[in-house]
2 protein chains.
Amino acid sequence: MSFASQTTNEQTSGVLDVSDKTLRGFVGYQTKRTFNVIQADLNETLSAFDLRMVSFSVLVMIIDNNGIRQSQIADALSIEAPNLVVALDGLERRDLIIRERLATDRRVWLIQATLAGRRLCEKAVRAVQKHERQILGDTDAQSLVTLMEVLKKIEIAGGSKL
Amino acid sequence: MSFASQTTNEQTSGVLDVSDKTLRGFVGYQTKRTFNVIQADLNETLSAFDLRMVSFSVLVMIIDNNGIRQSQIADALSIEAPNLVVALDGLERRDLIIRERLATDRRVWLIQATLAGRRLCEKAVRAVQKHERQILGDTDAQSLVTLMEVLKKIEIAGGSKL
DNA sequence: GAATAAAGATTATAAGATATAACTATTTTT
DNA sequence: AAAAATAGTTATATCTTATAATCTTTATTC
């Protein structure tokens, strides 16, 4: 038993030491708390490039898949088509990407990155990678591999239920 | 080289195989994708109890810390006070919790769960635990420990930067 | 000890992200 | 040729989280 952290003027109102042990037992809760931290760092990093999480992901997908369809981007990222349109509009306005109509099916737009788009994306990817390394601190390589594997497994296991 | 998945009527528009390997290299991206799956499952589970993620977390915190202050809940969950008020209002309306004024400091409300609140929470916690076990599938205990440890480490490392 | 500042909670509102519904243009199916 | 389906768009709604302003009460300061 300890009286260590009791200040002289401590009002014994509320709870002395707040416990979140039940919540901390949930993988979901811990994952959310961790993601919140990652997201805060990420948004700050991306703000230097005038990108948000979604537009960044979209841009990376375009670089990795030159000439990809909008529907393919939306599928890969699991985002709804209307939200993708908004993201693409923003990237197109900044001349980071171009929409090109497919001749053989005029409903389809193929998306390509411009040179400026590729350059910006490369810088942004490097910045994000750098920040992730910082945030991972001294996490050893094997733990990191396990982390990613288990996360992936959960994603697949859970996703297959819906 | 393989032609396996080429349908007869395949239009060679867009990209044949979409790659998300750059994004999949990011811990942040994988964490988000996994959390999306967990969240979908969780929301479905909690809907049976008329709870959302936030109100569930709040209720659990109250059970684990009887007589906790609102500000202590908000701090512990890293949510803003106004959002907590809304969540508490909902729980109070359903007689799952009660607000009690602190005599020695009339600005403060101490929150307690009612019997109904404790019962509902217990059921909800069990349901969520069951679903998490399902979603984790055959993940071995050691991997799970590593997962939680690394997530926690990232949370702390990243959080200390802000 | 009165004036001022700070703290806890609340209300109202805004911003952000994501989802749904309805529509246009084009292609495919019947 | 008519009907159905697909790709993308527009408009809008919902849900979550954040900010600003207010009220009451307590603490601080001159």
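Chain identifiers are assigned alphabetically (A, B, ...) following the order of the sequence lines, protein sequences preceding nucleic acid strands; residue numbering begins at 1 within each chain. Bear in mind the structure is a predicted one, so any value in this text is a computation, not a measurement.
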Exercise for review: Look at the side chain of A:N83 against the base of C:dA19 and say whether a donor-acceptor pair falls under 3.5 Å; ignore hydrogens and angles.
Suggested key: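 It does, because a donor-acceptor pair links the side chain of A:N83 to the base of C:dA19 below 3.5 Å.
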Review point. Think A:R52 has a side-chain N or O under 4.0 angstrom from the OP1 or OP2 of C:dG16?
Key: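 Checking A:R52 against C:dG16: no side-chain N or O falls below 4.0 Å of OP1 or OP2.
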Notebook entry, point to check: OP1 or OP2 of D:dT16 less than 4.0 angstrom from a side-chain nitrogen or oxygen of A:K32, does that happen here?
Noted result: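 Answer no for this pair, as no side-chain N or O of A:K32 is under 4.0 Å from OP1 or OP2.
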Side-chain donor-acceptor distances from residues 141-149 of chain A under 3.5 Å, at least two apart:
| unit_1 | atom_1 | unit_2 | atom_2 | d |
| --- | --- | --- | --- | --- |
| A:Q142 | NE2 | A:T146 | OG1 | 3.3 |
| A:S143 | OG | A:D140 | OD1 | 2.6 |
| A:S143 | OG | A:D140 | OD2 | 3.4 |
| A:T146 | OG1 | A:Q142 | O | 3.0 |

Salt-bridge test for [X] and [Y]: reply yes if a basic N is under 4.0 Å from a carboxylate O, no otherwise.
X	Y	result
A:R69	A:D75	no
A:E122	A:R126	yes
A:R106	A:E100	no
A:D64	B:R24	no

Interatomic distance where [atom1] belongs to [X] and [atom2] belongs to [N] [whole Å]:
X	N	atom1	atom2	answer
A:N36	C:dG16	CG	C1'	14 Å
B:R106	D:dC23	CZ	C1'	13 Å
A:F35	D:dT16	CZ	P	16 Å
A:E80	D:dT9	CD	C1'	14 Å
B:N43	D:dC15	CG	P	11 Å
B:L77	D:dA18	CG	P	12 Å
B:L102	D:dT24	CG	P	19 Å
B:Q39	C:dA17	CD	C1'	11 Å

Quick tally for nucleotides 1-10 of chain C: nucleotides whose base has a protein heavy atom under 4.0 Å get B, sugar-phosphate-only ones S, the rest -, giving -----BBSSB
Name of the residue among A:I63, A:L51, A:D50 meeting side chain to side chain contact (heavy atoms under 4.5 Å, CB included) with A:L120 =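 Checked A:I63, A:L51, A:D50 against A:L120; only one passes side chain to side chain contact (heavy atoms under 4.5 Å, CB included): A:L51.
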Review point. Is the closest side-chain donor-acceptor distance between B:R119 and B:T114 under 3.5 Å?
Key: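 No, no side-chain donor-acceptor pair sits under 3.5 Å.
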